[in-house]
Amino acid sequence: MNPTHSHPITSTGTSPHAPPDDSKNATSSGSWKGFLVKVIKTALPLVLGCLGAAAFSVAAPAGWAFWAGACILTGLVTTLYLGYRALSEYKIDKIPTASQTPPTPSAQNLLSAANKSGKHQAYQIYKNQYHPTLMSIPDKTGFYDKGQPLYSLTNYHKGQNPITIDGVGWPTAEHYFQCAKFKVGSSSWSTIKNNPSPDHARVHAGNHFKPHNPDCLHGGNGHAWGAEKDRVMWKTLTHKAVDDLQYRTELIGTGNSVLFENSPVDYYWGIGQNGSGQNTLGYMHMAIRDMIRRGEL
Ligand SMILES: Nc1c(N[C@@H]2O[C@H](COP(=O)(O)O)[C@@H](O)[C@H]2O)[nH]c(=O)[nH]c1=O
């Protein structure tokens with residue numbers, strides 16, 4: 001197999017994301033029921049303390065004023081402590097995640113423009129130029145293996161935040177790409193989306209994309225999906241370029257190097273065992289890199 005070459009990161013891209021909008025955050029503690037339960041739990045010690053104090057004042061045993069005061073003080077301190085804890089949790093709950101953060105209008109506009117009909121063909125210029133002579137190009141950079149440089153260019157890479165596509169947060173590019181073979185919300189779609197492993201997600205999709213499965217789009221037909229998959233991969237990568245800062249930064253850092261997915265098994269997205277594969281993913285990354293440099297992503 002051809003070696004994977006590392007490449008220094010020489011410059012960084014900037015994400016067109018605005019400060020997050022946390023108003024859309026809806027957690028259990030954010031619901032009115034959760035809020036009410038917390039208020040009751042917090043106030044309960046003080047209420048019990050007051051009741052205890054009232055009981056002492058009615059029974060009026062020797063030194064009742066001291067014990068009544070102790071009840072109220074204990075209740076008050078406990079309530080203040082619980083209130084402080086509830087407020088801290090509330091603040092933690094309010095930290096937004098990327099999946100809850102809609103892209104800014106400018107990022108949204110760029111993504112729409114980048115995904116206009118036919119735009120996904122931008123990578124063809126590189127495929128025409130380098131296929132099938134890629135392996136003889138001196139300045140080329142591979143990516144594939146976990147733990148190696150440029151793993152962020154693989155579709156299995158898990159960024160710091162999910163990638164938001166169609167209003168859903170995706171743990172990896174692979175998750176969205178595989179789910180795109182199935183009807184949104186169907187059982188196959190949900191199983192793939194929620195799979196913790198991108199590799200298992202891919203395998204599950206492969207095992208369930210069949211003509212008899214009613215969850216499938218494109219009739220579960222490999223040829224019909226084949227006509228769509230470039231467009232879907234392009235959409236995936238353009239959104240990844242906006243949401244995954246590590247990918248964006250490391251991609252720009254590859255300079256003008258020709259990129260290739262160093263997969264020994266994939267002859268469409270990667271170069272395959274003997275380097276003769278079509279390397280579609282590598283060329284798409286190069287086209288995305290051009291767009292970032294031009295300020296189009
Ligand atoms: N097998 C593999 C990757 N292969 C990925 O799997 C997808 C193949 O999709 P399909 O066209 O449905 O067969 C595609 O996204 C390709 O990049 N990637 C990785 O990082 N590590 C792996 O081990």
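The two atoms that bring G270 and S263 nearest to each other are CA-CB, 4.5 Å, heavy atoms only. Between A53 and A68 the shortest heavy-atom distance is CB-O, 3.5 Å. Between A107 and V242, the shortest heavy-atom contact is CB-CG1, 4.3 Å. What you find for I72 and C50 is that their closest heavy atoms are CG1-CA, 4.4 Å.
A distance of 7.0 Å separates CG in L153 from OG1 in T254, rounded to the nearest 0.5 Å. Atom CE in M286 sits 13.0 Å away from atom NZ in K127 (nearest 0.5 Å). The distance from the CG atom of D199 to the CD atom of Q178 is 10.0 Å, given to the nearest 0.5 Å. Rounding to the nearest 0.5 Å places NE2 of H175 at 12.0 Å from CD1 of I165. Rounding to the nearest 0.5 angstrom, the gap separating the CH2 atom in W189 from the SG atom in C216 is 15.0 Å. Once rounded to the nearest 0.5 Å, the distance linking NE2 of H204 with CG of N195 reads 8.0 Å.
Within 6.0 Å of the CD1 atom in I125, the count of heavy atoms belonging to other residues, nucleotides or ligands does not exceed 12. The 12-atom threshold is not exceeded at CH2 of W67, counting heavy atoms of other residues, nucleotides or ligands nearer than 6.0 Å.
Remark: of the listed residues D290, T280, L281, T280 is the sole one forming a side-chain contact (heavy atoms from CB on, under 4.5 Å) with Y123. For the side-chain contact (heavy atoms from CB on, under 4.5 Å) criterion with L237, the lone passing option out of I163, D244, N155, L251 is N155. If you run side-chain contact (heavy atoms from CB on, under 4.5 Å) between S257 and each of T141, L150, I137, only T141 comes through. The only member of K158, E250, H157 that meets side chain to side chain donor-acceptor pair (under 3.5 Å) when paired with S152 is E250.
A side-chain donor-acceptor contact under 3.5 Å links Y268 and D230. Between H285 and Y126, the side chains place no donor N or O within less than 3.5 Å of an acceptor N or O (distance only, hydrogens not considered). Y130 and N279 form no side-chain donor-acceptor contact under 3.5 Å, judged by distance and modelled atom types alone. At a cut-off of 3.5 Å, with distance as the only test, a side-chain donor of S276 or N274 sits close to an acceptor on the other residue. A donor and an acceptor atom, one from each side chain of S188 and N213, are located under 3.5 Å apart.
Annotation: side chain of L111 is in contact with side chain of L297 (closest heavy-atom distance under 4.5 Å). Residues F177 and M233 have side chains in contact (heavy-atom distance under 4.5 Å, counting atoms from C-beta outward). Side-chain contact between F56 and P61 is present, with heavy atoms from C-beta onward closer than 4.5 Å. With a 4.5 Å cut-off on side-chain heavy atoms, I288 and T238 count as touching. In this structure, the side chains of Y176 and D166 come closer than 4.5 Å at one or more pairs of heavy atoms. Side chains of Y144 and P264 form a contact here, defined as non-hydrogen atoms less than 4.5 Å apart. At a threshold of 4.5 Å between non-hydrogen side-chain atoms, the residues W170 and P162 do not count as touching. L245 is not listed as a side-chain neighbour of Q160, based on a closest heavy-atom distance of 4.5 Å or more.
A single hydrophobic cluster is seen to contain both M291 and I252, as judged by linkage of ILVMFWY side chains at heavy-atom distances under 4.5 Å, directly or through other members. Under the 4.5 Å side-chain contact rule for hydrophobic residues, V203 and F209 do not share a cluster. Placement of V232 and Y156 in two distinct hydrophobic clusters is found when ILVMFWY residues are connected by side-chain heavy-atom separations under 4.5 Å, directly or transitively. The hydrophobic clustering, which links ILVMFWY residues whose side-chain heavy atoms are closer than 4.5 Å, places M135 and V258 together. Under the 4.5 Å side-chain heavy-atom criterion for grouping Ile, Leu, Val, Met, Phe, Trp and Tyr, V77 is not connected to L44 through any hydrophobic cluster.
Between the side chain of R289 and the backbone N or O of G255, at least one donor-acceptor pair lies under 3.5 Å. D145 places no side-chain N or O within donor-acceptor distance of the main-chain N or O of Q148, the cut-off being under 3.5 Å.
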